[in-house]
Visitor: 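One structure, as structure tokens, below. Some questions next.
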Amino acid sequence: MAEPPSAAAEDSWGKVDAAYGDNGLDSDDEDSDYHQEPYKESYKDRRRRAHSQAEQKRRDAIKKGYDDLQAIVPTCEQQDFCIGSQKLSKAIVLQKTIDYIQFLHKEKKKQEEEVSTLRKDVMALKIMKVNYEQIVKAHQDNPNEGKDQVSDEVKFNVFQGIMDSLFQSFNASISVTSFQELSACVFSWIEEHCKPQTLQDIVIGVLHQLKSQLY
């Protein structure tokens with residue numbers, strides 16, 4: 001005897017539901033895994049892209065540093081001009097930068113020594129200025145002092161005393177082995193024994209000596 005249509009339909013739908021019902025959780029899990037996988041790949045891509053960007057920035061910063069050094073250091077510019085479009089290596093740029101810094105240190109030390117010498121000269125000139133001002137003031141305070149004018153002989157004695165003192169140091173410092181050595185010694189003697197302070201001390205000593213002889 002044949003089953004009613006409604007019973008057959010219900011039985012068919014029941015089988016379908018059972019089939020899908022047994023695999024329902026597995027299907028959901030597969031869908032979940034499928035959706036999570038692209039997210040993991042996307043995160044890795046973002047990290048890889050961020051790392052690449054950071055590395056590129058680092059390389060750009062290093063390149064800019066070398067370009068700045070090459071533009072600042074004069075010897076790098078001269079080298080670059082000589083070789084045309086050929087690019088300097090990083091090792092050459094660094095070495096020329098080191099050489100240039102050492103050169104600047106030497107120039108700085110040399111300038112500091114020159115400034116120190118000039119300061120000493122200025123100080124000596126200031127002392128001489130004060131002494132001359134005191135002499136002028138002394139003459140102004142004692143106008144009658146001009147009546148006791150010294151003779152030309154005393155004036156010559158002053159000059160002779162100064163020259164004798166200078167010749168002693170000159171004779172002790174100058175070598176006559178050759179004209180070249182003589183020239184070098186003369187300039188060295190001038191720098192050492194003809195400074196304003198040294199000459200001032202010599203003149204004061206000669207004046208004191210003559211004053212003690214005259215009075």
Side-chain angles (χ1 to χ4, degrees), residues 69-82 88 91-215:
L69 286 177
Q70 192 167 345
I72 293 173
V73 178
T75 52
C76 287
E77 292 182 350
Q78 296 171 2
Q79 183 75 14
D80 187 37
F81 177 78
C82 293
L88 292 177
I92 293 178
V93 172
L94 288 178
Q95 184 59 51
K96 289 186 175 295
T97 301
I98 293 172
D99 294 340
Y100 185 60
I101 291 174
Q102 292 175 345
F103 167 76
L104 291 179
H105 277 300
K106 291 180 181 178
E107 287 296 311
K108 181 176 179 292
K109 185 177 180 181
K110 180 180 178 181
Q111 291 177 359
E112 289 175 350
E113 292 175 352
E114 291 177 353
V115 169
S116 178
T117 301
L118 290 175
R119 285 176 178 172
K120 292 179 181 178
D121 292 343
V122 170
M123 183 61 65
L125 291 174
K126 287 182 178 179
I127 295 174
M128 293 178 65
K129 178 176 178 292
V130 172
N131 291 336
Y132 292 149
E133 289 176 348
Q134 292 176 353
I135 294 173
V136 171
K137 186 176 183 302
H139 283 291
Q140 292 175 349
D141 294 340
N142 300 294
N144 295 328
E145 188 176 353
K147 295 179 181 180
D148 300 330
Q149 185 175 358
V150 298
S151 63
D152 290 339
E153 182 181 0
V154 175
K155 181 171 63 175
F156 175 77
N157 289 336
V158 172
F159 179 77
Q160 184 180 14
I162 295 172
M163 292 298 104
D164 288 343
S165 179
L166 289 175
F167 181 75
Q168 290 178 4
S169 63
F170 181 85
N171 189 37
S173 304
I174 302 303
S175 173
V176 293
T177 305
S178 64
F179 183 79
Q180 183 178 1
E181 187 173 353
L182 172 67
S183 302
C185 291
V186 167
F187 286 107
S188 298
W189 172 81
I190 291 174
E191 293 178 357
E192 183 176 357
H193 296 280
C194 295
K195 295 179 180 178
Q197 184 62 45
T198 304
L199 294 176
Q200 180 183 353
D201 295 339
I202 293 174
V203 172
I204 292 175
V206 171
L207 291 175
H208 280 304
Q209 184 179 1
L210 289 177
K211 184 177 180 181
S212 62
Q213 293 175 2
L214 293 174
Y215 304 101

Visitor: Is the closest side-chain heavy-atom distance between V203 and V158 below 4.5 Å?
Guide: no

Visitor: Should the pair F103 and Y100 be assigned to parallel (<30°), tilted (30 to 60°) or perpendicular (>60°) ring geometry?
Guide: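 If you compare the ring of F103 with that of Y100, the planes turn out parallel.
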
Visitor: Please check if the side chain of T198 supplies one atom and the backbone of C194 the other of a donor-acceptor pair under 3.5 Å.
Guide: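 Not at all, since once roles are kept as given, no pair shorter than 3.5 Å links the two residues.
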
Visitor: Within the supplied structure, the quantity of interest is the number of heavy atoms (other residues, nucleotides, ligands) at a distance under 6.0 Å from E114 CD; does it exceed 12?
Guide: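 More than 12 within 6.0 Å, yes.
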
Visitor: Just how far is it from atom CD1 of I72 to atom OG1 of T97, taken to the nearest 0.5 Å?
Guide: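 So the CD1 of I72 and the OG1 of T97 are separated by 8.5 Å.
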
Visitor: Please step through salt bridge (charged side-chain N to carboxylate O under 4.0 Å, His left out) for the pair E133 and K129, ending with a clear verdict.
Guide: CA-CA 6 Å; E133 289 176 348; K129 178 176 178 292; 2.5 Å; yes

Visitor: Would you compute the distance between atom CE of M123 and atom NZ of K126 and round it to the nearest 0.5 angstrom?
Guide: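 Output value for this atom pair is 5.5 Å.
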
Visitor: Just how far is it from atom CD of Q95 to atom SG of C76, taken to the nearest 0.5 Å?
Guide: 10.5 Å

Visitor: Ignoring hydrogens and angles, tell me if any N or O in the side chain of S169 forms a donor-acceptor pair with the backbone of L166 under 3.5 Å.
Guide: yes

Visitor: Check this for me: E107, atom CD, are more than 12 non-hydrogen atoms of other residues, nucleotides or ligands nearer than 6.0 Å?
Guide: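 Enclosed: over 12 neighbouring heavy atoms sit under 6.0 Å from CD of E107.
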
Visitor: Please round to the nearest 0.5 Å and tell me the distance separating atom CE of M163 and atom CD of Q168.
Guide: 12.0 Å

Visitor: Would you give the length of the straight line joining atom OG of S173 to atom NE2 of H193, rounded to the nearest 0.5 angstrom?
Guide: 3.5 Å

Visitor: Distance alone, cut at 3.5 Å: any donor-acceptor contact between the side chains of D201 and Q197?
Guide: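 Distance-only check passes for D201 and Q197.
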
Visitor: Does a salt bridge link K108 with E112, judged by any charged N lying under 4.0 Å from a carboxylate O?
Guide: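 Yes.
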
Visitor: Just how far is it from atom CG of N131 to atom CD of Q200, taken to the nearest 0.5 Å?
Guide: 5.0 Å

Visitor: Might you point out which heavy atoms bring L88 and Q70 nearest each other, and give the distance in Å?
Guide: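 So the two residues come closest at CD1-NE2, 3.7 Å.
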
